[in-house]
Every structure is written in structure tokens, then in C-alpha cells.
J.: 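Let me begin by handing over the structure; questions about it come next.
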Amino acid sequence: KESKIVFIRKFVLFMRYFLPFIRLLSSLPLGVLYIFSDFIFNLNHYLIGYRRKVVYQNVKNSFSEKSEKEINLIVKKFFHNFTDYIVETLKSITITENEQRVRVQHLNQDVFHDAKNEGKNVIMLTGHVFNWEWISAFAKVIPQEHCHPVYRKINSFFWENEILKIRNKFGNESLEANDVIKHILRTPNDGNSVYMFVADQSPFVDHVDVGTTWLNQKTPVFVGYDKLSTRMDLAFIYCDMKKVKRGYYQVNYYRIQPDGEKFLPLEVVKKFHILLENTINKRPDNYLWSHRRWKYADAIKRMI
């Protein structure tokens, strides 16, 4: 494990010297970058096979009712979407606000205006649906003054800084995951702040406690934002991403409402996973299947 960490750190340090070349690549038109995407896809599909077994098993376990042919088709389409995601994320370094506003259509923005009028800050929940990184111009769309994407620290200060430049370039104010709860509790709940959680993150094994049946499997769930739903009168909004065609996305926003006067413990977690499962069922190849999301399922202590 230590040798792997050392290797990663050396690799990250080495990649610093390629930053000017990376920026030069990013400045190419997306049409050209998609040629690279096709090349990477074919290289991986026919030769490398990066995490193919993991992806196949995740898809098969999630859609046990589908035939072998259907599962293999989802896997193949996923890898094509995945390589598109790579070059689109690369393009994020130099993409202009106007181009991103054209390529990502934000629908049903009224839910943000409603929250602002109600004087409620917003917790926006989304999953690893392609291309979640392309909501970086989001701060320019909503009426709230402060937009805070939540991220996890990486091992390299240099690359963390570069990633934050990309995510904050259009007015976002990113917050590290360990700091976000304190920030929310200290910030006036006046409808002027939005906090963006990619909420299908796998908890670290030491933090696995709660699970739910999701995509036909026992799934550990991240519940950090749930405490906010019962302690504060916040607006919870679900972000439903849809890939319309290559390079173009639609984002629909839906208010998550409690069944009663206010949210019960873990109610918002359950509802978020139901909404995300519906999104994945409609377009299964647009979800990030390459992570081992179910590896700590046996550590779950209670199901919801």
C-alpha cells in the first residue's frame, strides 16, 4: 500500500510538467477532442480493458433481469461515455461560459427562485451521472449569490488547486467536504447559498453504518447531509442530468419534499437514492460504473 501511495505521488508530481501541454490540448475544439475520445475508447475496449470486469459485474448485479446482450451493450456504451467524460473534463480548463451555457441546458430553475423567496438555503443532490463536472457555470444560472460545490481533498496540493480553478472559474466557491457542515451551520439561512453534493459517494469503511437497497443491492450510503434536513429548514433539490447527444446535456431540477411537515431522519437520503435510481434506469450507460461502490456492503449495520 505504501509503495502504491509513493508511486501515485511521484506520478502526480511528474504530471505537473505536462500542464502546458494539457492546456494546449484543452484549447482544441471539442470535435477534435472527440476523435481522441474515440481512439481512447477503442484502445481500452479492444486492448487494455480498464476495469471492464468491475463495470460488467456492477451492471449485471444492478440489472439482473437484463440479458447478456443488453448488459454488454450497456457496458460498451458506458465506456464510450466515459472517454467522452475524460475529454469534456479536459475541455473544462479552457471552455468559455457562453459555450458551456449552450452545451448544458438548465431546466426548471423556478425551484431555486422559490427557495430564495422562502429564505431557505439549498442543498443540491446529484450523482455520478455524465457529465456532472459540466455544471461549473451553474453559479451564473441560479439567483443565489453563493454557490458551493463540495469536494474531497486529493493528495497533491498543486493538482487540487488546478481542479479548483476549473470548478470555480464561473463564480463557484468550492468547499472541502470536512468543512462544509460547519460552513452551512455558520452561514445565515437566508436563501442566498447553494451547496452542491455529489451524494452517491461511497463512505469510507470506518464510516459505513447506514445502507439501503439500491439498484437491487445492499448499498452503503453517505448520510452527512441528512443531519441538515432535520436540524435546519433548508430546501433540498435533486439534479437530474441527461445526455441529449454528444457534447450536449439537459439538467432538470426537482424539489425533494418531506412526507410530513418536516423531514424525518434519513428520509431525504432514501428519496435521493430513489430519484437517482430512476435516472440510472432511464439511461444506464450514463452512470459511472467503474467504481467499486458495493465493496463495503457487508459492513452495513442498519438498513433504511
Side-chain angles (χ1 to χ4, degrees), residues 54-55 57-66 74 78 81 108 111 122-133 135 149-152 177 180-181 184 194-232 234-243 251-260 262-304:
V54 173
V55 172
Q57 200 59 54
N58 284 343
V59 174
K60 187 176 179 63
N61 291 343
S62 300
F63 303 103
S64 55
E65 78 285 356
K66 292 187 182 296
I74 291 171
F78 157 75
N81 287 326
N108 198 25
V111 291
V122 173
I123 305 296
M124 194 181 87
L125 304 175
T126 190
H128 285 88
V129 178
F130 298 129
N131 185 343
W132 71 91
E133 290 287 359
I135 316 184
V150 179
Y151 73 95
R152 283 182 177 176
V180 67
I181 301 296
I184 293 172
V194 175
Y195 300 87
M196 304 162 62
F197 287 79
V198 183
D200 61 336
Q201 299 273 10
S202 296
F204 295 117
V205 64
D206 293 339
H207 297 150
V208 172
D209 180 29
V210 179
T212 188
T213 301
W214 185 67
L215 292 172
N216 298 315
Q217 300 164 80
K218 283 177 61 179
T219 307
V221 292
F222 170 70
V223 297
Y225 57 91
D226 181 71
K227 297 174 185 177
L228 300 168
S229 70
T230 55
R231 291 180 62 178
M232 300 179 68
L234 302 168
F236 283 79
I237 292 173
Y238 175 66
C239 168
D240 179 20
M241 291 208 68
K242 174 185 176 182
K243 186 172 185 176
V251 191
N252 243 306
Y253 300 101
Y254 302 98
R255 185 80 171 258
I256 304 176
Q257 299 284 10
D259 290 335
K262 61 180 183 178
F263 284 107
L264 296 174
L266 300 174
E267 182 182 358
V268 73
V269 176
K270 186 78 172 178
K271 289 189 172 183
F272 162 70
H273 281 86
I274 290 171
L275 288 166
L276 181 57
E277 185 171 303
N278 289 338
T279 296
I280 295 169
N281 283 334
K282 285 184 283 187
R283 295 172 289 273
D285 52 284
N286 273 337
Y287 187 64
L288 186 66
W289 295 105
S290 52
H291 285 188
R292 294 181 173 90
R293 300 198 185 283
W294 290 275
K295 63 181 177 180
Y296 299 134
D298 291 340
I300 295 171
K301 296 180 180 66
R302 57 187 175 126
M303 295 288 288
I304 58 172

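For reference, positions follow the sequence shown, starting with 1.
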J.: How far apart are the closest heavy atoms of Arg292 and Val54, and which atoms are they?
T.: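 Heavy atoms of Arg292 and Val54 come nearest at NH2-CG2, 3.5 Å.
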
J.: When you measure from the side chain of Asp200 to the backbone of His128, do you find a donor-acceptor pair of N or O atoms at a distance under 3.5 Å?
T.: yes

J.: Donor-acceptor check, side chain of Asp226 to backbone of Pro265, threshold 3.5 angstrom: yes or no?
T.: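 Judged by distance alone, no pair lies under 3.5 Å.
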
J.: Can you tell me how far apart OG1 (Thr213) and NE2 (His273) are? Round to the nearest 0.5 Å.
T.: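 Reported value, rounded in 0.5 Å steps: 11.5 Å.
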
J.: Only counting residues at least two apart or in another chain, list the ones meeting side chain to side chain donor-acceptor pair (under 3.5 Å) with Asp298.
T.: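 Result, side chain to side chain donor-acceptor pair (under 3.5 Å) vs Asp298: none returned.
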
J.: Given side chain to side chain contact (heavy atoms under 4.5 Å, CB included), test Cys239 with Val251 step by step and report yes or no.
T.: CA-CA 7 Å; Cys239 168; Val251 191; 3.3 Å; yes

J.: Assign the ring pair Phe130 / Trp132 to parallel, tilted or perpendicular, where the plane angle (0 to 90°) is split at 30° and 60°.
T.: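 Phe130 and Trp132: parallel rings.
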
J.: Do the side chains of Asp259 and Lys270 get close enough for a salt bridge, i.e. N-O under 4.0 angstrom?
T.: no

J.: Stepwise, does the side chain to side chain contact (heavy atoms under 4.5 Å, CB included) test hold for Ile123 with Ile184?
T.: CA-CA 10 Å; Ile123 305 296; Ile184 293 172; 3.9 Å; yes

J.: NE2/His207 to OH/Tyr296 distance, rounded to the nearest 0.5 angstrom?
T.: 12.0 Å

J.: Rounded at 0.5 Å granularity, tell me how far CD1 in Ile237 sits from OG1 in Thr126.
T.: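 That separation rounds to 12.0 Å.
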
J.: With a 4.5 Å limit on heavy-atom distance, are the side chains of Ile181 and Lys227 in contact?
T.: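 Side chain of Ile181 against side chain of Lys227, heavy atoms only: no contact under 4.5 Å found.
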
J.: Would you say NZ of Lys242 has more than 12 non-hydrogen atoms from neighbouring residues, nucleotides or ligands within 6.0 angstrom?
T.: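 Counting neighbours around NZ of Lys242, 12 or fewer heavy atoms of other residues, nucleotides or ligands fall under 6.0 Å, so no.
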
J.: Answer whether the closest heavy-atom distance between the side chains of Ile280 and Trp214 falls below 4.5 Å.
T.: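 Ile280 vs Trp214: side chains touch.
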
J.: Phe197: which residues meet the ring pair (Phe, Tyr, Trp, His ring centres under 6.0 Å) condition with it, sequence neighbours left out?
T.: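 For Phe197, no residue satisfies ring pair (Phe, Tyr, Trp, His ring centres under 6.0 Å) once neighbours in sequence are set aside.
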
J.: Take atom NZ of Lys262 as the centre, draw a 6.0 Å sphere, and report whether it contains more than 12 heavy atoms from other residues, nucleotides or ligands.
T.: no

J.: Taking the six-membered ring for Trp and the full ring for Phe, Tyr or His, determine whether the centres of Phe236 and Phe263 are under 6.0 Å apart.
T.: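 Yes, the ring centres sit under 6.0 Å apart.
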
J.: Does the side chain of Asn286 reach to within under 4.5 Å of the side chain of Met241, using non-hydrogen atoms?
T.: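 Sidechains of Met241 and Asn286: no contact.
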
J.: Could you measure the distance from the OG1 atom of Thr219 to the CG atom of Asn61? Nearest 0.5 Å is fine.
T.: 10.0 Å

J.: Within the 4.5 Å heavy-atom criterion, are Leu266 and Arg302 side-chain neighbours or not?
T.: yes

J.: Counting only heavy atoms from other residues, nucleotides and ligands, does the tally under 6.0 Å from NZ of Lys218 exceed 12?
T.: yes

J.: Sequence neighbours excluded, which residues qualify as ring pair (Phe, Tyr, Trp, His ring centres under 6.0 Å) partners of Phe63?
T.: Trp289

J.: Answer with yes or no whether the side chains of Tyr287 and Ser62 bring together a donor and an acceptor at under 3.5 Å.
T.: no

J.: Are any of the side-chain heavy atoms of Met124 and Val111 separated by less than 4.5 Å?
T.: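 In short, these two side chains do not touch, never coming nearer than 4.5 Å.
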
J.: To the nearest 0.5 Å, what is the distance between CG (Leu215) and CG (Leu276)?
T.: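 So the CG of Leu215 and the CG of Leu276 are separated by 7.5 Å.
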
J.: Decide yes or no for Tyr225 and Val269: does some side-chain heavy atom of the first lie under 4.5 Å from some side-chain heavy atom of the second?
T.: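 Yes, at least one pair of side-chain atoms sits under 4.5 Å.
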
J.: To the nearest 0.5 Å, what is the distance between CG (Leu125) and OH (Tyr238)?
T.: 9.5 Å

J.: I need the minimum non-hydrogen distance between Pro203 and Val221, along with the two atoms involved.
T.: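 The answer is CG-O, 3.6 Å.
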
J.: So, does Asn108 use its side chain to make a donor-acceptor pair with the main chain of Tyr253 at under 3.5 Å?
T.: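 Answer holds: yes.
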
J.: Can a donor-acceptor pair be found, under 3.5 Å and without considering hydrogens, that links the side chain of Asp240 to the backbone of Asn252?
T.: no

J.: I'd like to check Val198 versus Val150 (side-chain heavy atoms, cut-off strictly below 4.5 Å). Are they in contact?
T.: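 Heavy-atom side-chain distance check fails, nothing below 4.5 Å.
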
J.: Check whether any side-chain heavy atom of Val59 lies under 4.5 Å from a side-chain heavy atom of Phe78, and answer yes or no.
T.: no

